[in-house]
Structures are given as structure tokens and as C-alpha cells.
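Starting from 1, each residue takes its place in the sequence as its number. Start at 1 and go down the list; that is how both ligands and their atoms are numbered. What you are looking at is a predicted structure, and each value in this text was computed from that prediction instead of being measured.
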Amino acid sequence: MIPITAVDVRDAEALVIEVLRSGVLAQGPMVARLEEGFARLTGTAHAVAVNSGTAALSAALEVLDLQPGDEVVTSPFTFVATLNAILERGATVRFADVTREDFALDPDAVATVLGPRTKVLMPVHLYGQTADMGKLVPLAEEHGLALVEDAAQALGASFLGKPAGSFGLGCFSLYATKNVTTGEGGVITCDDAEVADRLRVLRNQGMRDRYRYEVAGHNYRMSELHAAVGIPQLARFDELVAARRRNARQLTTGLTGTPGLAVPQVLPGRAHMWHQYTVLIGPHAMLSREELAAELADRGIATGIYYPKLVFDHDCFRGHPLIPAVSPSDFPVAKKLSEQAISLPVHPALSESDVDTIVREVREALGA
Ligand SMILES: *Cc1c(COP(=O)(O)O)cnc(C)c1O
């Protein structure tokens with residue numbers, strides 16, 4: 001079976017053993033090294049490590065001092081953590097539709113939902129490509145909105161050379177399936193020293209010096225063991241991205257023209273780092289998306305459906321006081337993507353012949 005993700009952290013053995021021998025297990029020098037790596041990769045002045053991507057999003061929103069009734073505008077086509085982080089902070093969630101080209105917030109749709117209570121714009125850089133920051137950044141500036149990037153899937157992506165996570169408060173995830181992983185973990189990047197300082201205090205129980213509390217905080221600290229797992233991946237990050245890009249290119253070359261299938265686009269000015277390679281299966285394809293997934297599983301190829309429903313379209317969110325009434329039909333593009341998107345393996349552990357196999361089996365399954 002060709003898996004949809006492959007975790008390879010064997011390169012971390014030496015550093016993990018170093019931590020075990022040091023006896024320093026809680027946040028310490030390894031975490032600081034991981035943070036340096038993130039600041040370097042994102043071209044930001046500060047990086048603050050926390051223990052999940054969700055904690056990163058929640059902490060980023062917390063330093064913005066949102067008041068009840070303040071609104072955060074985000075994408076309905078995302079992982080639930082985006083939504084949960086906003087709800088955790090007690091802010092009201094406003095959704096705007098996405099574009100078919102980049103699966104991320106459509107600036108025109110965003111413009112229509114902005115109101116007097118909108119305080120934060122939270123684009124999600126889905127699958128490894130940034131949202132349209134060329135339009136979203138000016139829109140945020142014009143309306144005085146803070147920008148929080150859900151860059152959980154987009155470490156290394158950029159827009160006109162500017163890295164994901166450097167436009168506002170950048171929130172990254174180091175969860176097991178992300179392109180760089182520590183098992184569990186997250187990072188917030190920013191350029192503002194005061195904000196970074198507040199984040200560091202918040203993640204450590206609101207404590208600056210021992211037993212002197214400045215705010216009601218959290219335990220969002222990352223452990224040394226986790227940081228040690230991630231550091232070597234940052235060191236060979238270019239190589240990991242190059243492998244994903246090579247695989248994506250080979251997939252696109254092989255799959256272009258397959259009846260009923262649309263290959264993903266790399267939009268002008270954007271550097272894609274292929275967290276997922278996501279194709280769309282249209283209504284005229286020989287198989288439905290679900291049939292294709294089952295057929296490929298039979299043929300030894302795992303696929304992923306990210307995400308089968310819009311994020312709010314679950315019973316637990318219906319009638320939620322912080323989610324003003326919404327329906328999937330309000331977001332026709334996102335709705336269609338949630339019905340058509342299916343991700344194929346693109347991870348660095350694939351060989352050239354694995355990718356050939358994927359191309360061959362997908363084409364055959366769709367009658368090409
Ligand atoms: C993974 C992910 C998160 C959350 O990260 P965790 O580390 O799992 O908490 C948030 N947003 C998106 C889009 C993600 O893919």
C-alpha cells in the first residue's frame with residue numbers, strides 16, 4: 001500500500017538521546033533551537049513554540065484582546081482546529097467563501113462579510129499554498145483588521161517571495177502528519193517583540209519570573225523531546241520540499257488531461273510546498289470521488305479527503321451562539337470543493353516509480 005503520509009523522523013535519534021541524557025525535559029534549549037529554525041524559515045523576527053497548532057491559533061487570537069461580539073473572518077473549508085480556536089477565545093465566527101483555484105479565502109467574498117465588529121482576518125493557507133495575500137493584506141489594512149494566518153499546512157510556502165507566517169501572526173502545526181513534525185506541537189511567528197513577549201508569558205501560565213503572574217495564562221509549553229524531533233527536519237527542509245515538488249510535478253505531468261479530473265494549480269507568484277496534492281473529481285468523471293477512493297484503495301493507493309464537509313456543517317455547531325446562522329449553500333465554491341477534492345500521496349518518501357504507479361492507477365480507474 002502506498003500511504004497518504006509517511007513519517008520519517010529517524011534523523012532525530014541523536015538529538016532525542018541528547019535530551020534524555022541531559023535530563024532537561026521541559027521547555028529549554030532544544031525548544032529555543034526549534035524556534036530559531038522557524039524564525040529563519042519564515043523570515044520573521046520571533047518564533048514562539050507551543051504544544052499544538054490549535055494552541056498557536058488560540059494564543060495568537062488571545063494577544064489581540066478580542067471582546068465578546070468581536071468577529072473573526074475565516075474559511076469554511078478547513079480543519080476544525082481553525083474554528084475551535086476562535087470559539088475557545090469567545091469570538092464570533094464569520095465565514096467567507098473560497099476560490100476554486102487556491103482553496104483559500106476569496107478576497108471579494110471576504111469584503112462582503114466585513115462589518116463594524118470584524119477585528120481579525122484569518123486566512124487558511126490550505127494544502128501548502130498561501131491564500132491571495134496580495135489582496136487580503138490590503139483589505140485587512142484598509143479595515144484595520146489584525147491578520148492571523150492559519151499556516152498549519154504551509155511552512156515554506158510564500159507569496160511573491162514573502163513567506164507564509166510573515167504577513168501577520170503566523171500559526172504553524174507540528175502535528176504528526178504535517179510537513180515538519182514533532183508529533184504534537186505548534187509555533188507562532190511574528191515581527192513584533194512585544195507581541196512575542198506576551199505570547200511567551202501566556203504559554204507559561206502567565207508567568208514571567210517564577211511565581212510572579214502577569215496574566216491568567218496557559219500551559220502551552222513544548223517539551224525538549226518534541227523540539228528535538230523537529231530540529232533535524234528544519235535543517236533538511238529544502239530537501240524535503242524539493243522532494244514534494246518533484247513528486248507534484250510528476251503527478252501533474254502524468255495526470256493532466258485525465259477525463260473528469262482537474263489537477264491542482266500553482267498560482268503565479270506563489271511557492272507551493274505541497275502539504276497535500278489535491279485533485280478535483282468533476283461530475284462527469286467515470287467514477288464519483290468516493291468510488292475513486294475505494295478503487296484506488298483496492299489498487300494499493302491510499303487517498304485522503306480533506307475535508308468532506310464544511311467545517312461548521314456538523315450537529316455540534318448548529319445553533320452555536322458564536323456561529324451566526326450559516327448554510328453550506330452560502331458558500332457554493334467551498335461546498336463544491338468539499339464534494340470534489342481528493343488528495344493523492346505526494347510525500348518525500350515516494351520513489352519515482354511509486355508516483356508512476358499512482359498516475360497509472362488513477363488514469364486507469366478514470367478510464368483514461
Ligand atoms: C493541523 C491543522 C491545525 C491544528 O494543528 P494541531 O497541531 O493539530 O492542533 C489547524 N489548522 C489547520 C488547517 C490544520 O491543518
Side-chain angles (χ1 to χ4, degrees), residues 4-5 7 9 31 34-35 38 47-62 72-89 91 93 95-96 98 102-105 120-131 133 136 147-157 164-165 167-189 199 203 218-223 226-227 229-230 233 244 272-278 304-312 314 317 334 337-338 341 343 346-347:
I4 186 74
T5 52
V7 179
V9 292
V31 172
L34 184 89
E35 291 175 335
F38 259 84
V48 180
V50 291
N51 46 28
S52 74
T54 313
L57 289 165
S58 185
L61 289 171
E62 191 164 356
V72 179
V73 174
T74 194
S75 165
F77 191 51
T78 184
F79 181 54
V80 71
T82 316
L83 174 56
N84 281 337
I86 300 169
L87 297 178
E88 189 176 313
R89 296 270 50 91
V93 191
F95 294 104
V98 299
D102 63 11
F103 309 97
L105 279 180
V120 182
L121 181 56
M122 190 191 270
V124 181
H125 305 315
L126 208 66
Y127 304 147
Q129 181 165 237
T130 71
M133 302 312 278
L136 292 173
L147 202 55
V148 174
E149 300 170 70
D150 184 338
Q153 303 186 4
L155 179 61
F167 293 91
L169 286 161
C171 301
F172 294 91
S173 168
L174 298 166
Y175 178 65
T177 59
K178 298 291 156 66
N179 284 18
V180 167
T181 181
T182 58
E184 296 278 5
V187 175
I188 307 136
T189 52
L199 288 167
R203 80 170 157 188
H218 308 275
N219 177 358
Y220 286 161
R221 293 181 308 262
M222 177 184 278
S223 83
H226 287 88
V229 171
Q233 293 165 67
R244 284 179 183 273
H272 202 313
M273 40 65 64
W274 302 105
H275 174 58
Q276 299 294 347
Y277 184 93
T278 303
I305 294 179
Y306 316 108
Y307 299 90
K309 288 175 115 193
L310 300 193
V311 71
F312 57 77
H314 297 265
F317 297 125
L337 294 174
S338 72
S343 301
V346 72
H347 55 78

Applying salt bridge (charged side-chain N to carboxylate O under 4.0 Å, His left out), can you list everything that pairs with E35, at least two apart in sequence or on another chain? R200, R203

Is a donor on one side and an acceptor on the other found under 3.5 Å between the side chain of E149 and the backbone of P123? no

Taking all non-hydrogen atoms of both residues into account, name the closest pair between L174 and M222 and its distance. CD1-CE, 3.6 Å

Side chains of S343 and T278: is there a donor and an acceptor less than 3.5 Å apart? yes

Do you see a donor-acceptor pair shorter than 3.5 Å between the side chains of S58 and E88? yes

Show the short N or O contacts, below 3.5 Å, that ligand 1 makes with protein N or O atoms; if there are none, say 'none'.
from: ligand 1; atom 1: 5 (O); to: S173; atom 2: OG; distance (Å): 3.1
from: ligand 1; atom 1: 7 (O); to: G53; atom 2: N; distance (Å): 2.7
from: ligand 1; atom 1: 7 (O); to: S173; atom 2: OG; distance (Å): 2.6
from: ligand 1; atom 1: 9 (O); to: G53; atom 2: N; distance (Å): 3.3
from: ligand 1; atom 1: 9 (O); to: T54; atom 2: N; distance (Å): 2.8
from: ligand 1; atom 1: 9 (O); to: T54; atom 2: OG1; distance (Å): 2.5
from: ligand 1; atom 1: 11 (N); to: D150; atom 2: OD1; distance (Å): 3.2
from: ligand 1; atom 1: 11 (N); to: D150; atom 2: OD2; distance (Å): 2.8
from: ligand 1; atom 1: 15 (O); to: Q153; atom 2: NE2; distance (Å): 2.8
from: ligand 1; atom 1: 15 (O); to: K178; atom 2: NZ; distance (Å): 3.1

Would you indicate whether the side-chain heavy atoms of F77 and L126 approach each other to under 4.5 Å? yes

